[in-house]
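Below you'll find the structure, written out as C-alpha cells, and then a few comments.
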Amino acid sequence: MPTDNGDFLAHYSEKGLVELNFPGRHVNGDTQSKETMSAEIRAWYQITRAALHKMLAGERVDKLPPLDATGTDFQKSVWREMQKIPAGQTMSYGEIARAIGKPKAVRAVGGACGANPIPVFVPCHRVLAANNKIGGFSSGLDWKRKLLAREGINV
DNA sequence: CATCAAAAACTCC
DNA sequence: GGAGTTTTTGATG
C-alpha cells in the first residue's frame, strides 16, 4: 500500500482489517498480489488506502474499512475508547483509564496501546502522558510526532 | 490447567 | 526518584 511516506503493509481476515504495519517493518512471506485477493478485500484495500492518505495529509477521515483487531477484552476496550478521540485532540493514558472505568489501570493502558495492531486508524498517537509528554510509540517516535504535527498538535 | 513473578508507551507524592 | 495499580505474558509444577 504505497503512500507519500513509504509502503504500508495491511493484513485482512474475512471480517476486516486485522493489522497495519508502518514502512520498514515488513515481514515478507505471505503477501498477496491485488489480483489474487477477493473482491471484498480489494474494496477494503481501496478504502484503507484512501483513508491512510487522508490521515497522512491531516484531513478528517470519514470512511474506514471494517476493523477486525484481535486482543483481550481489556485491550479492545482501550482501542474502542481511543477511536473516539477526535482528530486534533489528545487524551492522556490516565484519561483513557478513567473512561473505561478503571482509573488506576493507567499502566495497563500503556501496555494495551503498545499491543495495538492498527496504528493510525486506532489513534494511539493521540494519547500522551499526563504532563503532556510524548510517551512512546511502537513503530518509532518519529511517526508519532509526524502524525501529531499533521493534526496541528505540538508537544 | 493453576499459580507466580516480572514488566509495561503511567501517575502521583 | 520511588511506590502503587492493573493486565499481560512466559515459566513452572
Side-chain angles (χ1 to χ4, degrees), chain A residues 1-31 44 47-49 51-155:
Chain A
M1 186 170 297
T3 73
D4 296 337
N5 290 275
D7 292 346
F8 284 67
L9 182 64
H11 289 257
Y12 299 93
S13 71
E14 309 77 34
K15 295 191 298 193
L17 179 63
V18 174
E19 187 176 341
L20 185 66
N21 291 331
F22 280 97
R25 303 273 192 286
H26 282 191
V27 285
N28 47 1
D30 56 344
T31 56
W44 291 341
I47 299 171
T48 305
R49 192 169 55 72
L52 200 50
H53 271 88
K54 284 198 171 192
M55 275 287 193
L56 295 175
E59 297 172 29
R60 202 178 68 79
V61 177
D62 46 353
K63 199 187 296 184
L64 285 177
L67 303 184
D68 187 29
T70 56
T72 65
D73 290 340
F74 177 79
Q75 289 169 339
K76 282 187 281 202
S77 305
V78 172
W79 300 337
R80 218 178 8 258
E81 201 58 40
M82 288 195 294
Q83 286 185 73
K84 285 156 56 177
I85 307 175
Q89 286 189 33
T90 64
M91 281 197 195
S92 74
Y93 292 95
E95 284 171 319
I96 299 276
R98 275 195 294 280
I100 62 176
K102 300 174 192 288
K104 291 179 231 161
V106 289
R107 203 101 184 272
V109 169
C113 293
N116 168 23
I118 314 178
V120 184
F121 292 160
V122 177
C124 41
H125 58 277
R126 298 197 187 117
V127 183
L128 306 180
N131 46 353
N132 233 47
K133 289 285 186 266
I134 185 107
F137 198 61
S138 46
S139 294
L141 286 172
D142 292 348
W143 277 107
K144 185 163 183 175
R145 291 203 199 85
K146 189 190 299 268
L147 290 167
L148 290 173
R150 288 280 202 284
E151 298 183 1
I153 300 167
N154 289 313
V155 296

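Per chain, numbering begins at 1; letters A, B, ... match sequence-line order. Any value given below was found using the heavy atoms of this structure, including those in side chains, with hydrogens, waters and symmetry copies removed.
In this structure, CG of A/D73 is placed 13 Å from C1' of C/dT8, rounded to the nearest angstrom. For the pair A/E81 CD and C/dT6 P, the computed distance is 18 Å after rounding to whole Å. Per the geometry, CH2 belonging to A/W79 stands 15 Å off P belonging to C/dT7, to the nearest Å. One interatomic measurement links the two molecules: CG of A/N132 to C1' of B/dC12, which rounds to 17 Å at whole-angstrom precision. Taking atom CD1 on A/I96 and atom P on C/dT7, their separation rounds to 15 Å, with Å as the unit. Atom-to-atom, CG of A/N131 to C1' of B/dC13 comes out at 14 Å; the value is rounded to the nearest Å. Distance NZ (A/K133) to P (B/dA9): 18 Å, rounded to an integer number of Å. Note: CZ (A/R98) to C1' (B/dT11) measures 10 Å, nearest angstrom.
Taking the side chain of A/Q75 as heavy atoms from C-beta on, and the options B/dA9, C/dG4, C/dT8, the nearest nucleotide is C/dT8. Closest to the side chain of A/S138, out of C/dT6, C/dT8, B/dA9, is B/dA9. Minimum atom distance to the side chain of A/K144 is reached by B/dA9, of the listed C/dT5, B/dA9, C/dT7. The side chain of A/K102 sits closest to C/dT7 out of C/dT8, C/dG4, C/dT7. With distances taken from any side-chain atom of A/R107 to the nucleotides C/dT7, B/dA8, B/dT11, the minimum falls on B/dA8. Proximity note for A/F74 (side chain, C-beta onward) versus C/dT7, B/dA9, B/dT11: the nearest is C/dT7.
Side-chain N/O atoms of A/S92 include one lying less than 4.0 angstrom from OP1 or OP2 on B/dT11.
With a cut-off of 3.5 Å on both pairing distances, B/dA9 has no Watson-Crick or G-U wobble partner at all. Pairing of C/dT5, defined by two Watson-Crick or G-U wobble distances under 3.5 Å, is not identified with any nucleotide.
Aromatic ring pairs are classed by plane angle as parallel below 30°, tilted from 30° to 60° and perpendicular above 60°; the pair A/H125 and A/F137 is perpendicular. In this pair, A/W143 and A/F22 present their aromatic rings tilted. The plane angle is within the 30 to 60° band.
At the heavy-atom level, A/G111 lies nowhere under 4.0 Å from the strands shown. A/Y93 comes within 4.0 angstrom of a nucleotide base, judged by non-hydrogen atoms across all strands. Across all strands, A/A105 comes closer than 4.0 Å only to sugar-phosphate atoms, never to a base (heavy-atom distances).
Between atom NE2 of residue A/H53 and atom CZ of residue A/R49 there is a gap of 6.5 Å, rounded to the nearest 0.5 Å. The distance from the CG atom of A/L147 to the CG atom of A/D142 is 10.5 Å, given to the nearest 0.5 Å.
A 6.0 Å sphere centred on CG of A/N131 holds more than 12 heavy atoms belonging to other residues, nucleotides or ligands.
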